[in-house]
Protein chains: 2
Amino acid sequence: MLDPFVQKLRGLAELTAIDAAALERIMSHPHRYAARQDLIREGDETGPMFVILDGWACRYKILPSGTRQIMAFLMPGDACDLHIKLLAKMDHGIQALTPAVVARVSQDDMHAVMQNHRSIALAMYSAQLVDEAIMRAWIVSMGRRSSIERVAHLMCELYLRGRTIGLTQDGEFAMPLSQIVLADALGMTPVHINRVLRELRLDGAMSLTRGSVTISDPHKLARIAGFDENYLHRRTRHIAEMTPQAR
Amino acid sequence: MLDPFVQKLRGLAELTAIDAAALERIMSHPHRYAARQDLIREGDETGPMFVILDGWACRYKILPSGTRQIMAFLMPGDACDLHIKLLAKMDHGIQALTPAVVARVSQDDMHAVMQNHRSIALAMYSAQLVDEAIMRAWIVSMGRRSSIERVAHLMCELYLRGRTIGLTQDGEFAMPLSQIVLADALGMTPVHINRVLRELRLDGAMSLTRGSVTISDPHKLARIAGFDENYLHRRTRHIAEMTPQAR
DNA sequence: TAAGCATATTATCTTAAATCAATTCGAACA
DNA sequence: TGTTCGAATTGATTTAAGATAATATGCTTA
């Protein structure tokens with residue numbers, strides 16, 4: 001398995017083979033989680049940094065009313081919470097959405113690697129800045145976009161993120177999120193998500209089936225979303241490459 | 001003027017007088033901005049780190065439709081964008097909401113100070129983690145809270161943040177945000193914000209007047225908001241101290 | 001292969017918040 | 001000391017999305 005973490009960081013900084021080897025060393029002995037299993041819960045003492053190697057997870061919070069809000073999706077290659085040990089307790093939970101393989105890296109190991117490998121540190125800090133930009137984009141979506149724009153925008157984001165780590169093939173995207181999960185992320189009801197997905201399908205923009213998204217018309221989807229990929233801060237622009245026929 | 005930046009970081013880590021002096025050194029020569037003036041605009045090349053010394057600012061984005069979404073409020077003591085130079089361009093703007101005094105710290109200066117003052121580095125990383133937690137709390141609010149809960153939640157957050165840097169006195173809070181600005185932050189219309197504020201006033205929870213908030217019943221306000229202060233990761237709990245008569 | 005259960009789908013009805021439209025208020029200033 | 005202009009307030013109407021409910025579909029697994 002080509003390490004998706006190394007693959008992702010390579011999109012943010014130049015990593016040598018030596019850097020990559022150092023990363024792989026601290027990520028040996030990954031743990032397996034079942035779908036719906038918590039990696040860590042709200043209120044738990046903060047622990048190691050997690051790196052998702054396979055499968056998807058999310059950050060989430062359950063409100064007193066019982067409703068859930070998902071605040072971030074974590075896909076292979078994503079790391080969470082560099083420096084988290086500085087805080088005492090988790091203010092939210094992290095849960096596997098599919099069966100997942102996750103490395104747990106101690107603060108000390110990570111610190112040592114970043115000290116000895118300058119470009120890893122740069123890549124990690126860049127990744128954190130991009131994660132913050134993604135959160136801001138979610139705030140913009142929830143505040144000022146209609147439901148169809150919001151769904152389209154999230155799909156554009158996830159497609160481009162998935163592309164970096166090889167989850168896409170032409171307009172096909174391996175995305176294992178149920179409509180219920182999407183609803184919890186977008187602050188909508190599953191019923192309404194379903195209606196919006198039908199509209200996007202009839203529009204010929206995209207269609208979602210169990211475990212997979214087909215982007216039929218990337219430009220239409222991006223237009224509906226008002227999508228501007230700048231916030232993902234990739235080295236090269238990719239919207240054009242969302243087109244199935246582009247190579 | 002007691003430096004609000006030092007005051008804030010002291011809430012996150014133990015700083016010696018020497019640490020404080022080092023911070024003050026790199027923040028000499030602050031700039032003045034008028035209300036509505038941009039510190040930096042979306043699309044601009046990334047610049048120095050900003051530290052708000054006086055006044056309020058916000059991170060914002062203008063959508064193609066012309067609507068604005070505010071993604072964060074910056075008050076005295078808040079720093080933005082440690083490491084920002086790793087990214088090429090700003091994906092959002094930062095604008096003064098009131099006349100403001102802002103220090104601009106170069107990446108190199110900040111790096112040097114963090115190298116030589118371990119506790120400053122720890123405080124800065126903690127501050128960044130708290131900023132991320134605040135963004136996540138905003139996502140939760142926008143996704144799953146009603147308009148009255150959202151307004152109440154934001155007020156609780158700002159009150160506690162303002163408290164750290166001395167903007168509050170008993171139940172009185174110097175908060176210079178107009179209803180239009182609040183609307184842009186909460187993803188609502190100014191008209192609806194106004195209706196919600198009336199409801200909160202009639203409820204006896206809080207009332208907002210030009211430049212100032214009076215928290216009449218902190219516990220009621222926190223109850224309406226479903227407010228749980230854990231995400232602000234303060235050393236001590238403060239909700240009780242929101243009560244005017246508490247010392 | 002049938003049962004069970006989560007997920008998806010569709011229709012109907014309700015509601016929270018947006019939109020539209022006037023005023024009113026109040027600080028800045030000419 | 002009246003004028004001006006942005007901000008605040010209130011009412012009437014519309015609408016996007018929620019709530020409810022009734023199937024349908026399709027994996028799992030017994």
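Note that this is a predicted model, so its numbers are computed, not measured. Order of the sequence lines sets the chain letters (A, B, ...), proteins ahead of strands, with each chain counted from 1.
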Tell me which of Val191(A) and Ile180(B) sits closer to the 5' end of DNA chain D, going by the nucleotide each one is nearest to. Ile180(B)
If you look at every strand shown and take non-hydrogen atoms under 4.0 Å, does Gly187(A) touch a base, only sugar-phosphate, or nothing? sugar-phosphate
Across the strands shown, which category fits Ser178(B) at heavy-atom distances under 4.0 angstrom: base, sugar-phosphate, nothing? sugar-phosphate
Salt-bridge present (Asp91(B), Lys61(B); N to O < 4.0 Å):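 Salt bridge between Asp91(B) and Lys61(B), a charged N being under 4.0 Å from a carboxylate O: no.
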Whole angstrom value for the distance that separates [atom2] of [N] from [atom1] of [X]:
| X | N | atom1 | atom2 | result |
| --- | --- | --- | --- | --- |
| Gln179(B) | dG26(C) | CD | C1' | 14 Å |
| Glu199(B) | dA17(C) | CD | C1' | 13 Å |
| Ile148(A) | dT15(D) | CD1 | P | 18 Å |
| Arg145(B) | dG18(D) | CZ | P | 17 Å |
| Arg195(B) | dA12(D) | CZ | C1' | 10 Å |
| Asp184(B) | dG6(D) | CG | C1' | 15 Å |
| Ile193(A) | dA19(D) | CD1 | P | 14 Å |
| Leu208(A) | dT9(C) | CG | C1' | 13 Å |

Looking only at side-chain N and O atoms, does [X] come under 4.0 Å of OP1 or OP2 in [N]?
| X | N | answer |
| --- | --- | --- |
| Thr189(A) | dA17(D) | no |
| Arg198(A) | dT10(C) | yes |
| Asn194(B) | dA8(D) | no |

Any donor-acceptor pair, under 3.5 Å, between the side chain of Arg210(B) and the base of dT9(D), if you only look at N and O atoms?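 No, no donor-acceptor pair under 3.5 Å.
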To the side chain of Ser146(A), which of dT9(D), dA7(D), dA17(D) is closest? dA17(D)
Look at the side chain of Arg36(A) and decide which nucleotide, out of dA18(C), dA17(D), dA6(C), has an atom nearest to it.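 Minimum distance to the Arg36(A) side chain belongs to dA6(C).
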When you look at Arg59(A) and Asp81(A), which way does the salt bridge (Lys or Arg N to Asp or Glu O under 4.0 Å) test go after all the steps? CA-CA 11 Å; Arg59(A) 297 179 189 273; Asp81(A) 299 324; 3.1 Å; yes
Determine, using ring centers only, whether Trp138(B) and Phe73(B) are less than 6.0 Å apart.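 Yes, they do, as the ring centres are separated by less than 6.0 Å.
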Only pairs under 3.5 Å count here: list side-chain donor-acceptor contacts from residues 127-134 of chain B, not counting sequence neighbours, and write none if there are none.
residue: Gln128(B); atom: NE2; partner: Glu132(A); partner atom: OE2; Å: 2.9
residue: Glu132(B); atom: OE2; partner: Gln128(A); partner atom: NE2; Å: 2.9

Please evaluate residues Asp78(A) and Arg161(A) with respect to the criterion salt bridge (Lys or Arg N to Asp or Glu O under 4.0 Å), reporting the C-alpha separation (whole Å), side-chain torsions for both, the decisive distance (0.1 Å), and the verdict. CA-CA 10 Å; Asp78(A) 286 339; Arg161(A) 286 171 60 189; 2.8 Å; yes
Pick the nucleotide of DNA chain C nearest each of Arg144(A) and Leu177(A); which residue has the one closer to the 5' end?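 On the 5' side of the pair lies Leu177(A).
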